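Input: a single structure, listed below in structure tokens.
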Amino acid sequence: MGNQTHPQKQTRAAFLMSLGTLSLAALAGCAGGAPPDSEFAGNYLSTYTLPAIGENGTFSFTVEQKGRMVGSFTDATTNLVYAFDGVVENKGKFTGTLKSGTTSSPISGLLSIGSSGGGDFNVTRGVTQYQGHFTIGGSLTTVNSDYQGIYSGVYGADTRLLVEGKTLNGLASYSVDSKGNIIGSLTRGAETGLLTGTIGNTGAFQATVKFASATLPLAGTLIKTGDGSAQGNFTFSSSGTLYPASFSKSSSVVAGGDSPYKASYRGTYGLPEKGENGTLSFTVDPSGSMIGFFSQSLNKPVGTLVGSVENDGGFSGEVTYNATEVAGLPAAEQPLYTKRTIQGKLGARAGATGVSGDFTMVINGITSAGNFEASIGGSEVNSSYRASYTDAGFFFAPPGFDASRVPGGRFTSASSVEIAVDKQGSIIGSLGSHRFDGRITNDGRIVGQLRGTDSAWYPVRGILSKVIWKITPPGGTTPADYPGIAGNLYVTITGEEYPIAIKATGGDGTNS
């Protein structure tokens, strides 16, 4: 591989003699206590050959801290994957087992690392022992990756692998960057797991998928295709057992030029639990690649979004922030703007009106739910709530802003409401004496921040509806129709949610 050179192969007799010598030395040096840290710890990819039977392919493996080896052999001709599990001593001798389905094959060999790393091995297939050789081609993380791109498809694992009583199968969606880093997702029923890992230029990869209740390592080989589909074989590792699995095409695969979401979008987003909201813009190209920006309100840094969208609307990616901008923030805020992972689902597109969606975003190790609404094209969202809202001198019962059920005196109920919604759905104004910033989607979902009497900002989420108020104006005797809004919101204080309410006049009063 690349500029790697093969080490000199030993004769079979010399090779077996060296193994015997190493075994005696190892036995002589054995003592009680925990094994030492392995000098071979790391991730490796290599090519292997079994000359006697004309087999060759990829051997990718990880050596753990105490010398356990986990990986896979992939036959380049048949694409058959053999799960590998073994152990290596600090002298380089390794032993283990290859498994394919219910078939097990013992393997032993000698590992060396360096500029010409690799080694020889013996593997027994059936009753016959074959000698092979492998050459290490470098680490799994590379530069100018041959696999850079977006991949989509389905995956399925051996039905003996059960997580919470369910088999592992579903959609696979991930991207590979220029250094061979993998980011994306695997679904399991209604649950989406975060997929991260690395891939080498032979297609050998090591990764993990993190579901809510389980994190599973996987290793195998990805087959590069011209249509962006995910294909290849790999193994899951669970409770010390390896289970075969595979990637394959599906009808939802984005095949060059047919993404139903291809367009440019602009809109607003919110993360209610974090009290974060702002604007977003992104473009989906014909292959389903996604690039854009998250711009948080209150002059926070702008994040760059890179990801992919499947034909069924599932998407995943990363949001990265400019290091110079982050360094200018207070130290306590900086961890919130390290690289974030995002995954979610776009709603169905209706004509040229745009999309809405829900997502989860991992911020400083914590997963939070969010949502967005965006229109197609370079123009802003035409918010159906665009208007100014006020109590207009009328007195509602309860008051226009009712915070009576929030403890601690953080908010004061008042009849005065003064807020404005712009064409993009952004909200700014005041509820009584409290400043309120946020945004609202065209279906009435609202997220934002409310400033308390202690000058702290508290996250708010909820639903606003348009209404027609029957109000008797000051000095009048007959009720008249006044368009307006009413909503029940929740404000989060130290992890607890408390209800607040808004009533105001303004807008068109029409929920259409």
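On a predicted model such as this, the values are computed, not experimentally measured, just so you know.
For Phe294, the ring-ring contact (aromatic ring centres under 6.0 Å, His included) test picks out Tyr269, with sequence neighbours left out. For Thr338, the side chain to side chain contact (heavy atoms under 4.5 Å, CB included) criterion is met by no residue, not counting sequence neighbours. Every residue two or more places apart in sequence or in another chain that forms a side chain to side chain contact (heavy atoms under 4.5 Å, CB included) with Glu318 is listed here: Ile183, Lys339, Thr341. Not a single ring-ring contact (aromatic ring centres under 6.0 Å, His included) links Tyr82 to another residue, sequence neighbours left out. The ring-ring contact (aromatic ring centres under 6.0 Å, His included) check on Tyr155 picks up nothing, with sequence neighbours excluded. With sequence neighbours left out, Glu39 forms a salt bridge (Lys or Arg N to Asp or Glu O under 4.0 Å) with no residue at all. With sequence neighbours excluded, the residues satisfying side chain to side chain contact (heavy atoms under 4.5 Å, CB included) with Val87 are Thr95. Among residues two or more places apart in sequence or in another chain, the side-chain hydrogen bond (donor to acceptor under 3.5 Å, both in side chains) test is passed with Gln334 by none. Residues satisfying the ring-ring contact (aromatic ring centres under 6.0 Å, His included) criterion with Tyr321, sequence neighbours excluded, are Tyr337. Lys224 is linked by a salt bridge (Lys or Arg N to Asp or Glu O under 4.0 Å) to nothing, counting only residues two or more places apart in sequence or in another chain. Every residue meeting the side chain to side chain contact (heavy atoms under 4.5 Å, CB included) condition with Ala157, not counting sequence neighbours, appears here in chain and number order: Leu161, Leu168, Phe236, Ala245.
A donor-acceptor contact shorter than 3.5 Å is absent between the side chain of Ser295 and the backbone of Leu280. Arg188 places no side-chain N or O within 3.5 Å of a backbone atom of Lys166 that could act as its donor or acceptor partner. Looking only at distances, no side-chain donor or acceptor of Thr360 sits under 3.5 Å from a matching main-chain atom of Thr367.
Residue-environment remark: OH (Tyr490) stays at or below the threshold of 12 foreign heavy atoms within 6.0 Å.
Screening residues 45-55 for salt bridge (charged side-chain N to carboxylate O under 4.0 Å, His left out) gives Glu55-Arg125 as the qualifying pairs, with residues at least two apart or on separate chains.
Between Phe247 and Phe234 there is a side-chain heavy-atom pair separated by less than 4.5 Å. Looking only at side-chain heavy atoms (C-beta outward), Val209 and Leu195 come within less than 4.5 Å of each other. No side-chain heavy atom of Thr124 sits under 4.5 Å from any side-chain heavy atom of Tyr130.
The existence of a salt bridge linking Lys66 and Glu89 is excluded, since no basic side-chain nitrogen approaches an acidic carboxylate oxygen closer than 4.0 Å.
Each of Tyr265, Phe359, Phe315 was scored for a side chain to side chain contact (heavy atoms under 4.5 Å, CB included) with Leu346, with one residue passing: Phe315.
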